[in-house]
Enquirer: 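Next up is a structure, given as structure tokens.
By convention in this document, chain letters (A, B, ...) are assigned in the order of the sequence lines, proteins followed by strands, and residues within each chain are numbered from 1.
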Number of protein chains: 2
Amino acid sequence: MRTPATPNHLDQTLLALADPTRRAILQRLSAGEARVTELAQPFALSLNAVSKHIRVLERAHLVHRRREGREHLLSFTPKPMDDVARWMDAQRANWSARLQALDDLLQEEDRALASAPPPKKGRTR
Amino acid sequence: MRTPATPNHLDQTLLALADPTRRAILQRLSAGEARVTELAQPFALSLNAVSKHIRVLERAHLVHRRREGREHLLSFTPKPMDDVARWMDAQRANWSARLQALDDLLQEEDRALASAPPPKKGRTR
DNA sequence: GCATCATTCAACCTCTGGGTTGAATATCAA
DNA sequence: TTGATATTCAACCCAGAGGTTGAATGATGC
């Protein structure tokens, strides 16, 4: 379903987060910088696989890579997650606004019914 | 990178959200129930494609389907998004806790340096 | 009954995601 | 230099995502 050929930031961020290995990596990184090998250590995965996961996180700008000699130091950069949080908040605001509107409608109906006795059948006139 | 063969709820939710078409559908649904054809209308996509997107959202429990005659009425169910929000909050709490710890460390160091003049070379004792 | 409308099912295509292994590159340490 | 270490590159595999088209299913309206 190639939607547009231009995946936006939200797409990339959410996609990057949609994998338990990558979420675990982020969790580890939120405790501080780590090297690729360190990050790979807890997983039953080849180093290469983890390297790829890191690339996905980088693409989403969720991590930043700092080279120091032969070691690559990865660190967590939270901005994209803030963006996701903002989108979700907006979405939820939308949703609760709609619920509120429904509620208002029902209340108004109740008031109308209370002021005029229910015409069970036939018109009032 | 088949991590486990058991994609958990977060995986499915985030994956479902990682597509602009599906996010648009959710946005539309947060304004109220809609039929499949209505949902498909804004997109330059086959009805079938949209039907598939809806299935993905269903799999993630982000929408609920109610059949009424030949029409399928879709509605937004926000719980999975709440779960994502909770995960992200936890993640951010983690992160800011770490920053706070770093800050504390620096402050303590500063205090230490202020009380004892800096021994530029050689041990104190 | 029959045409129509709403939706899915089935088959297929292509692209990408996640994984592997093996070789290449670059740095460090001796 | 030489060998070990840290990491990526390249090629490949397979499953699944996203899309298409065409047929099947199931209500509805006459």
Enquirer: Any protein N or O atoms within reach of nucleotides 25-28 of chain D? Criterion: under 3.5 Å, listing atom names and distances.
Expert:
| residue | atom | partner | partner atom | Å |
| --- | --- | --- | --- | --- |
| D:dT28 | O4' | B:Arg70 | NH2 | 3.4 |

Enquirer: State the CG-CG distance between A:Leu15 and B:Leu14, to the nearest 0.5 angstrom.
Expert: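 Reported value, rounded in 0.5 Å steps: 9.5 Å.
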Enquirer: Walk me through it: do A:Arg35 and A:Glu68 pass the test salt bridge (charged side-chain N to carboxylate O under 4.0 Å, His left out)?
Expert: CA-CA 10 Å; A:Arg35 296 176 309 134; A:Glu68 186 151 309; over 6 Å; no
Enquirer: Any base atoms under 4.0 Å from B:Leu47, or only sugar-phosphate, or nothing? Heavy atoms, all strands.
Expert: base
Enquirer: Starting at CG of A:Leu14 and ending at C1' of C:dG17, how long is that distance when rounded to a whole Å?
Expert: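 Whole-Å distance recorded here is 16 Å.
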Enquirer: Test salt bridge (charged side-chain N to carboxylate O under 4.0 Å, His left out) on B:Asp83 and B:Arg86 and set out the steps.
Expert: CA-CA 5 Å; B:Asp83 295 344; B:Arg86 254 199 305 283; 2.6 Å; yes
Enquirer: Closest approach to the side chain of A:Arg55, judged atom by atom: which nucleotide of D:dT20, D:dC9, C:dG17 is it?
Expert: D:dC9
Enquirer: Consider only side-chain heavy atoms of I, L, V, M, F, W and Y, link residues closer than 4.5 Å, and tell whether B:Met81 and A:Trp95 are in one cluster.
Expert: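 In one cluster: yes.
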Enquirer: Check the distance between C:dC15's C1' and B:Asp19's CG and give it to me in whole angstrom.
Expert: 14 Å
Enquirer: With the side chain of B:Arg65 defined as its heavy atoms from C-beta on, choose the nearest nucleotide among C:dG17, D:dT20, C:dT8.
Expert: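 Among C:dG17, D:dT20, C:dT8, the one nearest the side chain of B:Arg65 is C:dT8.
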Enquirer: Would the distance check show the side chain of B:Ser75 and the main-chain N or O of B:Glu33 forming a donor-acceptor pair, the cut-off being under 3.5 Å?
Expert: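 Not a single qualifying donor-acceptor pair exists.
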Enquirer: When the distance from CZ of B:Phe43 to P of D:dT20 is rounded to whole Å, what number comes out?
Expert: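 After rounding, the reported distance stands at 13 Å.
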Enquirer: May I ask you to evaluate whether B:Arg59 reaches the phosphate of D:dA17, defined as a side-chain N or O under 4.0 Å from OP1 or OP2?
Expert: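 The answer is yes; a side-chain N or O of B:Arg59 sits under 4.0 Å from OP1 or OP2.
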Enquirer: How many whole angstroms separate atom NE2 of B:His53 from atom C1' of D:dT20?
Expert: 12 Å
Enquirer: Starting from C1' on C:dT21, measure out to NZ on A:Lys52 and report it in whole angstrom.
Expert: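 Checked: the NZ to C1' distance equals 11 Å.
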Enquirer: Would you tell me if any nitrogen or oxygen in the side chain of A:His72 comes within less than 4.0 Å of OP1 or OP2 on D:dA6?
Expert: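 So the side-chain polar atoms of A:His72 never come under 4.0 Å of the phosphate oxygens OP1 or OP2 of D:dA6.
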Enquirer: When the distance from CG of A:Leu45 to C1' of C:dT21 is rounded to whole Å, what number comes out?
Expert: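 Rounding to the nearest Å, CG of A:Leu45 and C1' of C:dT21 are 14 Å apart.
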Enquirer: Please work out which residues in residues 24-35 of chain A have a non-hydrogen atom less than 4.0 Å from an atom of DNA chain D and list them by number.
Expert: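 Within this stretch, A:Arg35 sit under 4.0 Å of the strand.
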Enquirer: Using atom CG of B:Leu74 as one end and atom P of C:dA6 as the other, report the distance to the nearest whole Å.
Expert: 15 Å
Enquirer: Should the ring pair B:His61 and B:His9 be called parallel, tilted or perpendicular, given that the plane angle runs from 0 to 90° and is split at 30 and 60?
Expert: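 Rings of B:His61 and B:His9: tilted, as their planes differ by 30° to 60°.
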Enquirer: With a 4.0 Å cut-off on N to O distance, would you call B:Arg55 and B:Glu58 a salt bridge?
Expert: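 Result for this pair is no, no salt bridge flagged.
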Enquirer: Rounded to whole angstrom units, what separation is found between the CG atom of B:Leu17 and the P atom of D:dA17?
Expert: 15 Å
Enquirer: Side chain of B:Asn48 only, please: which of C:dT20, D:dA17, C:dC9 is the nearest?
Expert: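 The answer is C:dC9, which lies nearest to the side chain.
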Enquirer: If you measure from CG on A:Leu74 to CZ on A:Arg28, what distance do you get to the nearest 0.5 Å?
Expert: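 With rounding to 0.5 Å, CG (A:Leu74) is 10.0 Å from CZ (A:Arg28).
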Enquirer: Would you please name every residue forming a ring pair (Phe, Tyr, Trp, His ring centres under 6.0 Å) with A:Trp87, sequence neighbours left out?
Expert: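 Applying ring pair (Phe, Tyr, Trp, His ring centres under 6.0 Å) to A:Trp87 gives none.
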